[in-house]
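These values consider heavy atoms only, across backbone and side chains, with no hydrogens, waters or symmetry-generated copies. Here is the naming used below: chain letters follow the sequence lines, and residue numbers restart at 1 for every chain. Treat the numbers as computed from the prediction; the structure is a model and nothing was measured.
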Amino acid sequence: MCPAEKFRAPKGMRDVLPPDIYIWQKLEKTAFEVLSRYGFREMRTPVVESTALFSRGIGEATDIVEKEMYTFEDKGGRSLTLRPEGTASAVRCYVENQLYNLPSPQKYYYWGPMFRYERPQAGRYRQFYQLGVEAFGSDSPALDAELLSMLRHFLLKSGLEGLNFQINSIGCRACRPDFIKALLEYLGAGLEGLCADCRRRYSANPLRILDCKASGCQELRKGAPRVTDHLCDGCHDHFDKFQHYLKLLDVPFSLNHEMVRGLDYYTRTTFEVTSENLGAQNAVTAGGRYDGLVREFGGPDTPAFGFAVGMERLVELLRQAPGQDVPRPGIFIAVIGERAHSEALLTAEVLRADGSWVEVGEHTASLKNQLRKADRLSAEYVFIIGDEELDAGSIKWKRLSDSASGSLPAAGVRSFLSGRR
RNA sequence: GUGAGCGUAGUUCAAUGGUUAGAGCACUGGAUUGUGGUUCCAGUUGUUGGGGGUUCGAGUCCCCUCGCUCACCCCA
């Protein structure tokens, strides 16, 4: 006989239970409330897409595509992939459903699990949840700023403060090559001083050298050219106005000319919101413009702006915040005897119909045990029903916080809580 | 993919290589009839992650393996 196998959730994936689940629910609710006021509506797309959608959208040479995708073949021989991010799906959906025929900008949000095969660490999971926001059809810097303001209000309303908004512009197809050329020229002189990773990046992905954390690399790039000094007129103007609108809308931000993105589709505006209270994975939101992606997926030339919020990281920050209140029963009905038990079941249904959380004890347990249980559940009030009460047509009540107690007519239960809250 | 740290009761943690692996918390029951929390008493729980080796003797040392955690990489 084999011993029973103990199953665990897959590596990097986890269960969410109370009390954490209340934080998640609050975030979902807040997101819906805030985003809908800015005209965002929900879009639901499959969790799985054809592999090519991601490899082409995110970039063949990115780490996500090269080594982090959950890719499999279905029984029809199609190569499918669990989505590692949401933007590619959103753009596919926009093009496939010809949403460009609707008035611009088209604004959508989505919410759900993403999958990346990485080594888990603090704030990083293989299945993680993102709230994604995408706006299609406007190239106005006012839109960029408006969405950052929306994000800020969402974060504030969720109870998160002290987050750092950092912005940058990485130019467009026209001006970025010039910058990269200038950067390579500058770094070429001190190539020996770069870390091994950066020497590799020098030819593979030079922009990423800008946000390397190695102290030698940080030192070496002190006099390096800045992207923002190499922007073309259009990008320069966009970036200026973006900042102007951010100030107008009172969004605090700082410039980070070393911030670049790991996905290929970004153009112009990029931004990141970080917290100092997380581990190494400190970005809670990141995104920016991707003016070329819709076209690349076969749609009309359509500018777009979007960002993704890492839900686990927000949840982690909210866990650290004081005063997370969890729901608790309004009333626990303790019963003595089988007759009282039946009566309690009926009374509970009446109270529940009015919206209260009501728990009912069992007559097989002693009154003492039922009270202990009510206490453990943090019930606000205990009702006690026994033979005495049944005969008198009354119910005894007790408030657990201060032991206040009394009696009420059984017919008047519905108004009990409303008079006391 | 690379590196480091850690795996002992439900949980948090003890146990100079030496008897039968312990404690707090939690849980269950009780302290005379129908009243919770505090207190007191009693009780339950272990293949020391798994496998192999060294040794008279391994929770402790060595090797392998699995898992967790953190960091790098990368990203939300």
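As judged by a 4.0 angstrom heavy-atom cut-off over every strand, A/S401 is placed among the base-contacting residues. Heavy atoms of A/R313 sit under 4.0 angstrom from at least one base atom. Within 4.0 Å of A/R116, counting heavy atoms only, lies at least one base atom of the nucleic acid. Residue-level contact check: A/E68 touches the backbone only, with heavy atoms under 4.0 Å from sugar-phosphate atoms and none from bases. Within 4.0 Å (heavy atoms only), A/Y125 reaches at least one base atom of the nucleic acid. Residue contacts for A/G123: at a heavy-atom cut-off of 4.0 Å it reaches a base atom on one of the strands shown. Base contact: A/K396 has a heavy atom under 4.0 Å from a base atom. Among the heavy atoms of the strands, none lies under 4.0 Å from A/L131. Within 4.0 Å of A/A283, counting heavy atoms only, lie sugar-phosphate atoms of the nucleic acid but no base atom. Among the heavy atoms of the strands lying under 4.0 Å from A/D387 is at least one base atom, whether or not backbone atoms are also near.
Between A/K11 and B/C68 there is a side-chain N or O to OP1 or OP2 distance below 4.0 Å. For A/Q121 and B/C72, the shortest distance from a side-chain N or O to OP1 or OP2 is below 4.0 Å. The phosphate of B/C75 has neither OP1 nor OP2 within less than 4.0 Å of any side-chain N or O from A/Q281. A/R124 has no side-chain polar atom (N or O) that falls below the 4.0 Å cut-off from OP1 or OP2 of B/U69.
As rounded to the nearest Å, B/A9 and B/U60 have P atoms that lie 15 Å from one another. Taking atom C1' in both B/U8 and B/G50, the straight-line distance is 14 Å, to the nearest Å. If you take atom C1' in B/G49 and the same atom in B/A26, they sit 23 Å apart, rounded to whole Å. Across the C1' atoms, B/G43 and B/U48 are found 23 Å apart, a figure rounded to whole Å. Nucleotides B/U44 and B/G10, compared at atom P, are 15 Å apart to the nearest Å. Rounded to whole Å, the separation between the P atoms of B/C61 and B/A14 comes to 14 Å. Taking atom C1' on both nucleotides, B/G30 is separated from B/G17 by 43 Å, rounded to a whole Å. Comparing B/G52 with B/G29, their C1' atoms are spaced 45 Å from each other, to the whole Å.
Just one residue in the list A/T269, A/T270, A/D144 forms a side chain to side chain donor-acceptor pair (under 3.5 Å) with A/R289, and that residue is A/D144.
Side chain of A/A280, nearest nucleotide from B/A71, B/C74, B/C68: B/A71. Closest to the side chain of A/A286, out of B/A76, B/C68, B/G37, is B/A76. Among the nucleotides B/C73, B/G1, B/U35, the one closest to the side chain of A/K398 is B/U35. The side chain of A/L367 approaches B/G34 more closely than any other nucleotide in the set B/A76, B/C68, B/G34. Candidate nucleotides B/G1, B/G34, B/G37 were compared by shortest atom distance to the side chain of A/I336, and B/G34 ranks first.
Pairing for B/A42 is with B/U28, a Watson-Crick or G-U wobble pair whose two hydrogen-bonding atom distances lie under 3.5 Å. Taking a pair to require two hydrogen-bonding distances under 3.5 Å in either a Watson-Crick or a G-U wobble arrangement, B/U48 remains unpaired. Partner assigned to B/A14 is none, using Watson-Crick or G-U wobble distances below 3.5 angstrom. Both distances falling under 3.5 Å, in either a Watson-Crick or a G-U wobble arrangement, place B/C72 opposite B/G1.
Between A/W24 and A/Y129, the ring centre distance stays below 6.0 Å. Between A/Y265 and A/Y290, the ring center distance clears the sub-6.0 Å criterion.
Remark: A/R14 is positioned above the aromatic ring of A/Y125, its terminal NZ or CZ atom under 6.0 angstrom from the ring centre and at most 45 degrees off the axis. For the pair A/R116 and A/Y70, the cation does not sit on the ring face, since its NZ or CZ is not both under 6.0 Å from the ring centre and inside 45° of the axis.
Rounded to whole angstrom, the span from the CD atom of A/E85 across to the C1' atom of B/C74 amounts to 14 Å. One interatomic measurement links the two molecules: CE of A/M69 to C1' of B/G1, which rounds to 17 Å at whole-angstrom precision. Look at CG on A/L163: it is 17 Å from P on B/A76, rounded to the nearest Å. Atom-to-atom, NZ of A/K67 to P of B/U2 comes out at 11 Å; the value is rounded to the nearest Å. The distance between atom CZ of A/F332 and atom C1' of B/U35, rounded to the nearest whole Å, is 12 Å. Atom P of nucleotide B/C75 and atom CE of A/M311 are separated by 21 Å, given to the nearest angstrom. If you take CZ of A/F115 and P of B/C75, they are 20 Å apart, rounded to a whole angstrom. Per the geometry, CD1 belonging to A/I58 stands 11 Å off P belonging to B/C75, to the nearest Å.
For A/R8 against B/G49, a side-chain-to-base donor-acceptor contact under 3.5 Å is absent.
Comment: A/E296 does not engage A/R56 in a salt bridge, judged by the lack of any side-chain N to carboxylate O separation of less than 4.0 angstrom. Of the charged side-chain nitrogens involved, none lies within less than 4.0 Å of a carboxylate oxygen, so that A/R126 and A/E118 do not count as a salt-bridged pair. The pair A/E28-A/K26 fails the salt-bridge criterion, with no side-chain N (NZ, NE, NH1 or NH2) lying under 4.0 Å from an Asp/Glu carboxylate O.
Heavy-atom distances to RNA chain B give each of A/A122 and A/R372 a nearest nucleotide, and the one nearer the 5′ end belongs to A/R372. When each of A/V260 and A/E389 is assigned the nucleotide of RNA chain B with its nearest heavy atom, A/E389 is the one assigned upstream, toward the 5' end.
Within the model, atoms CG of A/L408 and CD1 of A/I395 stand 5.5 Å from one another, a figure rounded to the nearest 0.5 Å.
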